[in-house]
There are 2 protein chains.
Amino acid sequence: MPEILTQSIQDYLKHIYKLNENGDAASTNDLATRLNIAPASVTGMLQKLANSKPALVLYKKHQGATLTKPGEKAALEVIRHHRLLETFLVTTLGYSWDEVHSEADKLEHVISEDFEARIAKALGNPSRDPHGELIPTADLVMPSDESRPLASLRTDEAATVKRVSDDDPALLRHLREIGVVPEVKLTIKNYSEFDGNLTIKVEGQKSNVVLGKEVTSKVFVDK
Amino acid sequence: MPEILTQSIQDYLKHIYKLNENGDAASTNDLATRLNIAPASVTGMLQKLANSKPALVLYKKHQGATLTKPGEKAALEVIRHHRLLETFLVTTLGYSWDEVHSEADKLEHVISEDFEARIAKALGNPSRDPHGELIPTADLVMPSDESRPLASLRTDEAATVKRVSDDDPALLRHLREIGVVPEVKLTIKNYSEFDGNLTIKVEGQKSNVVLGKEVTSKVFVDK
DNA sequence: ACAATAATTTAGGTTCACCTAAATTATATT
DNA sequence: AATATAATTTAGGTGAACCTAAATTATTGT
Ligand SMILES: [Mn+2]
Ligand SMILES: [Mn+2]
Ligand SMILES: [Mn+2]
Ligand SMILES: [Mn+2]
């Protein structure tokens with residue numbers, strides 16, 4: 001049993017968790033892309049994680065990987081660290097929301113449970129991070145998320161921004177600029193059948209904006 | 001050239017720096033003890049650090065290791081991180097001074113220069129950490145330290161506590177209890193020729209305390 | 001159904017930072 | 001000066017986490 005979860009293993013579990021959120025098993029290639037590791041190396045690690053005691057992933061060759069219960073707990077632990085850290089960096093150290101992701105990606109593996117508890121308390125046990133992403137609870141349960149991609153809305157529909165993808169600083173700066181941040185309301189003025197572009201009125205903004213799929217697939221809203 | 005300084009290398013450099021502070025070169029065995037690594041492994045690493053471009057240490061077999069200028073800068077970088085982090089943990093997150101060392105030992109390798117700059121600013125560019133240890137400046141210069149071991153004082157001498165060794169939580173809790181913390185004044189009431197014990201009156205404390213060498217060699221004072 | 005393409009796995013490396021055991025040097029004691 | 005002791009180095013490992021190139025297995029389009 002990997003009594004100690006290395007930083008590498010923690011990263012694998014975190015990314016498998018995120019891929020699993022989209023319904024299906026995490027494929028070797030998808031993991032390789034996201035982790036920036038050769039597919040062959042990913043296969044090796046998946047085999048190891050599946051054969052460890054306790055098994056952290058469920059893996060059948062050519063079928064991708066799923067987390068076991070212990071694997072999921074470990075993943076949620078890392079994700080909780082990451083999101084609490086991002087919140088802490090913004091709230092306490094004045095980072096902007098596009099600067100926190102990479103810092104949190106390093107710190108998440110290193111902080112103690114004590115540190116985690118202290119920042120959670122200092123922040124008032126927040127339920128969402130600066131990008132609106134849900135923070136797993138202290139007992140490692142992920143709150144349910146009803147939001148859906150902005151890209152799935154059509155003309156005249158209205159919704160509230162809930163969360164945005166956090167890994168692209170340039171996207172985050174753009175979103176901030178056009179006012180697309182959590183809890184802001186917006187209305188779809190037009191949907192273009194041709195390219196999927198959405199023309200959107202954002203609450204508090206003078207002019208409408210047109211957003212392509214690269215953006216609307218990374219913003220999640222509630223109706 | 002180790003363009004990237006691994007966590008291991010950073011630890012070696014930090015400990016070589018500290019051993020060098022006591023005047024002479026850092027011996028293989030002393031490093032092995034402090035790093036909890038077999039002497040044979042330390043030899044290997046010292047050879048590697050001496051042969052890297054640029055060389056980080058000066059090393060001649062059987063003579064121990066000294067830092068080169070680049071090695072010293074790298075060491076001071078890590079030490080600055082460590083001490084700023086300790087200060088931050090105490091000031092901002094309410095850690096007590098015996099809890100911060102191990103947390104800082106992990107974080108010191110991972111924070112960005114941006115993080116370093118932000119906490120330094122938030123803390124008002126402190127010159128000492130919670131244990132009174134001097135913090136290297138942002139341009140990596142170590143301020144000079146005039147303090148000497150409490151153990152070197154004799155009967156009737158008076159002094160001010162400047163810093164205490166930070167790596168033993170039990171010692172730190174004891175020192176706090178008897179009021180031996182930075183900037184506190186004390187007077188030597190008796191020196192025992194036999195075992196080196198000192199009987200000490202600590203400013204603000206009702207009764208005298210007797211301290212052995214294990215303690216008095218880890219407390220540093222100014223006259 | 002079958003070839004072309006894509007995804008995945010196997011095989012055989014590498015690097016890093018360790019280890020133990022044995023051999024070699026240095027230093028200290030008589 | 002010789003010997004005992006301590007410090008240091010050499011030699012020959014290991015395990016983790018990667019890599020590339022080649023081989024295998026799945027999937028897709030016609
Ligand atoms: Mn993030
Ligand atoms: Mn945790
Ligand atoms: Mn720094
Ligand atoms: Mn300290």
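Nothing here was measured: the structure is a model prediction, and the numbers come from that model. Naming: A, B, ... by sequence-line order, numbering from 1 per chain. Values below: all heavy atoms of this structure, side chains included; hydrogens, waters and symmetry mates excluded.
- Along DNA chain D, the nucleotide nearest A/Y12 and the nucleotide nearest A/K61 are compared for position; the residue whose nucleotide lies closer to the 5' end is A/Y12.
- The interatomic distance linking A/L31 (CG) with C/dT8 (C1') rounds to 13 Å, in whole Å.
- Looking at A/S192 and A/D195, their side chains do bring a donor and an acceptor atom within 3.5 Å of each other.
- An OP1 or OP2 oxygen of D/dA17 is reached within less than 4.0 angstrom by no side-chain nitrogen or oxygen of A/S41.
- Atom P of nucleotide D/dT20 and atom CG of A/N36 are separated by 11 Å, given to the nearest angstrom.
- Atom CG in B/L13 sits roughly 11 Å away from atom P in C/dA17 (whole-Å rounding).
- One can place CG of A/L49 at 9 Å from P of D/dA17, the figure rounded to the nearest angstrom.
- Ion pair A/K14/A/D105 flagged as a salt bridge, since at least one NZ, NE, NH1 or NH2 atom sits closer than 4.0 Å to an Asp/Glu carboxylate oxygen.
- Note on B/T43: every side-chain N or O is 4.0 Å or more away from OP1 and OP2 of D/dT8.
- A/D11 comes within 4.0 angstrom of nothing in the nucleic acid, heavy atoms only.
- Along DNA chain D, the nucleotide nearest A/K48 and the nucleotide nearest B/G44 are compared for position; the residue whose nucleotide lies closer to the 5' end is B/G44.
- Here B/N29 reaches the OP1 or OP2 of D/dT8: one of its side-chain N or O atoms lies under 4.0 Å away.
- Of the side-chain N and O atoms in B/T28, one or more sit less than 4.0 angstrom from OP1 or OP2 of D/dT9.
- Between B/Q47 and the phosphate of D/dT10, there is a side-chain N or O to OP1/OP2 separation shorter than 4.0 Å.
- Seen from the ring of B/Y95, A/R118 counts as a face-on cation partner, given the 6.0 Å and 45° thresholds.
- The CE atom of A/M45 sits 9 Å away from the P atom of D/dA16 (whole-angstrom rounding).
- For the OP1/OP2 pair of C/dC16 and a distance below 4.0 Å, the side-chain nitrogens and oxygens of B/T6 include no atom meeting the criterion.
- For C/dT9, one of the phosphate oxygens OP1 or OP2 lies less than 4.0 angstrom from a side-chain nitrogen or oxygen of A/Y59.
- Between the side chains of B/H81 and B/E113, at least one donor-acceptor pair of N or O atoms lies under 3.5 Å.
- In this structure, A/L5 atom CG and D/dA16 atom P are separated by 13 Å, rounded to whole Å.
- In this model, the phosphate group of C/dC18 is approached by a side-chain N or O of B/S8 to a distance below 4.0 Å at OP1 or OP2.
- Nearest to the side-chain atoms of B/A40 among the listed nucleotides D/dA21, C/dA21, C/dT8 stands C/dA21.
- When the C1' atom of D/dG15 is taken as reference, atom CD1 of A/I9 falls 12 Å away, rounded to whole Å.
- Per the geometry, CD1 belonging to B/I37 stands 11 Å off C1' belonging to C/dC19, to the nearest Å.
- The ring of A/H82 has its center closer than 6.0 angstrom to the ring center of A/H101.
- Defined by atom type and a distance below 3.5 Å, a donor-acceptor pair is missing between the side-chain atoms of B/N29 and B/S27.
- In this structure, the nucleotide among D/dT20, C/dT20, C/dA17 sitting nearest to the side chain of A/A38 is D/dT20.
- Using a 4.0 Å heavy-atom distance criterion, B/D30 is classed as making no nucleic acid contact.
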